[in-house]
Amino acid sequence: MKENICTIIGVIGGFFAALLGGWDSALTTLVIFMTIDFATGLIAAAMGKSKHSKTGRLSSRASWVGLAKKVCTLLMIVVAVRIDLLVGTTYVRDATCIGFCVNELLSIIENTSGMGVPYPDSIKKAIEVLQKKAGRLDDEIQEMIDEFEGDDEI
C-alpha cells in the first residue's frame, strides 16, 4: 500500500514538474519566495497589519485570493514553458520565473516593513529602484523612501 501511494504521488509530482518546465533553481526559488510571502502575509494579518482586509486582520477571503494569485502565477509559468517549446528557446520561462520572484520579493518586503522590520539604507534604495521599475509605489513604501531621502538631507 505504501509503495502505491508513493508511486501515485511521484507520478503526480513528475507531471506537475514537467508542466512547469522541470524542477530547477528558478522554480525552487519562486516556490520558496511564494511560501515566504504567504507566511509573512499571515503573520502581518495576525498582527493586524494586513493591507488586504478592511480590518487589517486575518481574512479567509484574503487568504484564498492570495493562494489563487499564486496558482495563477504557476499557470503563467506553464504558459512560458509552452512558449519556449513553441519558439525553441529556454529563456522565456526563466525570465518569467525571475520576474515573479522579484514580485514576490517586493510583497515580502511590504509585509515585513508593515510589521516594523527595519531595513538598512542600501536595501531601502534597492526597494525604491525595484518599486519604480515595477510601478508598484504604494503609500507605505513611498513613506519609507521619503524617510530614507530625508535622512540624506541632514
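For clarity, every value in this text was computed on a predicted model and none was experimentally measured.
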Report task. Decide side chain to side chain contact (heavy atoms under 4.5 Å, CB included) for S107 and N103; before the verdict, give the C-alpha distance in whole Å, the side-chain angles of both, and the deciding distance to 0.1 Å. Result -> CA-CA 6 Å; S107 183; N103 187 53; 6.0 Å; no
Query raised in the report: Do the side chains of V87 and V81 join up, straight or via other hydrophobic residues, at under 4.5 Å, putting them in one cluster?
Result: no
Report summary line: The reported gap from CZ in F33 to CG in L106 (rounded to nearest 0.5 angstrom) is 10.5 Å
Query raised in the report: Can you pull the salt bridge (Lys or Arg N to Asp or Glu O under 4.0 Å) pairs that have at least one residue in residues 58-87, sequence neighbours excluded?
Result: D37-K70, K70-E104
Report task. Give the cluster check for V92 versus W23: same hydrophobic cluster or not, with ILVMFWY residues linked at side-chain heavy-atom distances below 4.5 Å. Result -> no
Query raised in the report: Testing L30, V31, I32 for side chain to side chain contact (heavy atoms under 4.5 Å, CB included) with T28, which one passes?
Result: I32
Query raised in the report: Out of curiosity, does F15 fall in the hydrophobic cluster containing I9 (side-chain heavy atoms, cut-off under 4.5 Å, transitive links)?
Result: no
Requested in this report: Report whether M76 and L27 are members of the same hydrophobic cluster (ILVMFWY, side-chain heavy atoms less than 4.5 Å apart, transitive linking).
Outcome: yes
**Report entry** From L20 atom CG to L74 atom CG, the distance as rounded to the nearest 0.5 Å
**Finding:** 6.0 Å
Report summary line: CE (M47) and CD1 (I43) are apart, to the nearest 0.5 Å, by 9.0 Å
Report summary line: Distance col, row T90:OG1 vs L85:CG, nearest 0.5 angstrom, shows 10.5 Å
Query - I77-V71 co-clustered via ILVMFWY side chain contacts under 4.5 Å - result: no
Requested in this report: Calculate, to the nearest 0.5 Å, the distance between atoms OG and CZ belonging to S63 and F38 respectively.
Outcome: 4.5 Å
Query raised in the report: Hey, does the side chain of D94 reach the backbone of C97 with a donor-acceptor pair shorter than 3.5 angstrom?
Result: no
Query raised in the report: When rounded to the nearest 0.5 angstrom, what is the spacing between CE in M115 and CD in E110?
Result: 11.5 Å
Report summary line: Smallest heavy-atom separation, A80 atom then R93 atom, equals CB-CA, 3.7 Å
